[in-house]
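Only one structure is covered here, and it is reproduced in the block below.
Values below: all heavy atoms of this structure, side chains included; hydrogens, waters and symmetry mates excluded. Just so it is clear: chains get the letters A, B, ... in the order the sequence lines come, proteins before strands, and each one is counted from 1.
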Amino acid sequence: MKKRLSDLAPDETGIIEAIDGPVHDLMCLGLRVGKTVKMVTKQPVKGPVVVLSGEVEIAMGIGTAQRVMVIVTPQEA
Amino acid sequence: MAANGEDVTTVLMIGNPNVGKSALFNRMTGANAVVSNYPGTTVDFTKGTLIEGNRTYVIIDVPGTYSLEPRDAAEEVAVRMLRHRPDATVMIVLDATRIERGLYLALEVMELGMPCILAVNMIDAAHEKQITVDTAELQRLLGVPVIPTTAISGEGVRSLAEMLRKARVADVMDISGRLKGDPPAAGGRACFGCGGCGGR
């Protein structure tokens, strides 16, 4: 299932499939196509999101997270 | 600073925020730059001197940056330092637990064509997390000296200081060739700076 990174639920994991728009800033933070990310926290009312990518927690604005498309990894039972 | 006529090399420490640049700087120069456990502590540069093997190095601790396209004032300082000192040697500091992110900046810096040396810092933290960094392979691929260090305990700091003289300009096209497994070009550099040969 495909969704925006901003739509991942906390603890949900996905693999980045595509990034719309400028990628440079996200690449610098260690996010690129093919990376696995896990949603850590999501602040309400268009607040920032924090995702875990490898060993790194990355915080970004909701607008940036909306530009990232991920394929959701099925949750282990 | 340096005695008259002595060879003085400027060394810029570049790396992501919170990789231990200031801790490494303090170790190498005996200075007292502020170190803390969160990113963005260094907002301006600090200078220190290191004398190693009859050479004097002026080491400059630069604020951390994620890229060479600055997004805040501290990053601007880092990028300005790089641009204004094209003759300096760059010591790229990586966090061994977050190698990938550091390498992105490292390659950006290498593209500038300045002599580089890589310090893979926090190697103790990586060991704790059972992360192994193949520094020899990294050195072969990048063509610049790669030294594992732990700034807080001082591990690897001496060899980093000794290897500063072996810093060399990396060719990004060569790196890409080596990653694809191309055979080394004829007449290419045979020595990547292991320090054992007394080198070129």
Side-chain angles (χ1 to χ4, degrees), chain A residues 2-6 8 10-43 46-73 75-76, chain B residues 14-21 37-40 62-72 74-76 78-79 82 92-112 120-134 150 172 175-176 179:
Chain A
K2 241 167 52 166
K3 354 174 134 164
R4 291 171 182 199
L5 178 59
S6 51
L8 280 185
D11 284 336
E12 208 172 14
T13 305
I15 297 168
I16 299 179
E17 191 210 34
I19 300 172
D20 289 337
V23 294
H24 183 260
D25 281 3
L26 288 169
M27 299 266 266
C28 297
L29 294 172
L31 286 185
R32 57 172 168 78
V33 172
K35 267 290 223 196
T36 302
V37 289
K38 182 180 175 187
M39 178 63 72
V40 179
T41 55
K42 220 155 91 167
Q43 301 302 320
K46 296 188 178 177
V49 301
V50 180
V51 296
L52 184 72
S53 159
E55 290 287 324
V56 197
E57 277 192 0
I58 300 165
M60 68 184 91
I62 190 90
T64 309
Q66 281 166 346
R67 295 198 286 113
V68 181
M69 294 304 296
V70 295
I71 298 174
V72 179
T73 320
Q75 297 264 28
E76 289 155 37
Chain B
I14 299 282
N16 285 163
N18 209 27
V19 298
K21 290 179 297 300
N37 59 352
Y38 50 84
V62 173
T65 180
Y66 287 112
S67 79
L68 297 184
E69 285 169 28
R71 291 185 299 177
D72 58 43
E75 292 196 355
E76 250 168 57
V79 175
L82 268 179
I92 304 165
V93 187
L94 309 188
D95 175 346
T97 61
R98 293 154 194 196
I99 283 278
E100 183 181 333
R101 187 164 77 174
L103 282 175
Y104 190 84
L105 173 71
L107 287 171
E108 262 195 343
V109 173
M110 284 174 182
E111 278 178 345
L112 298 177
V120 180
N121 198 28
M122 301 202 195
I123 203 82
D124 60 333
H127 289 162
E128 255 168 49
K129 292 183 178 174
Q130 304 190 335
I131 297 169
T132 319
V133 182
D134 188 348
T150 303
V172 178
I175 295 174
S176 136
L179 282 170

Portion of B:Y66 that has a non-hydrogen atom of chain A nearer than 4.5 angstrom: both

A:E55 and B:I131, any side-chain heavy atoms less than 4.5 Å apart: yes

Smallest separation among heavy atoms of A:L29 and B:R71, with atom names: CD2-NH2, 4.1 Å

How long is the straight-line distance from [atom2] of [Y] back to [atom1] of [X], given to the nearest 0.5 Å?
X: B:E100; Y: A:M27; atom1: CD; atom2: CE; result: 9.0 Å
X: A:C28; Y: B:E75; atom1: SG; atom2: CD; result: 8.0 Å
X: A:L26; Y: B:S67; atom1: CG; atom2: OG; result: 11.5 Å

Among B:R98, B:E108, B:E69, B:K129, residue most engaged with chain A (heavy-atom pairs, under 4.5 Å): B:E69

Crowding at CZ, A:R67 (>12 non-hydrogen neighbours, <6.0 Å): yes

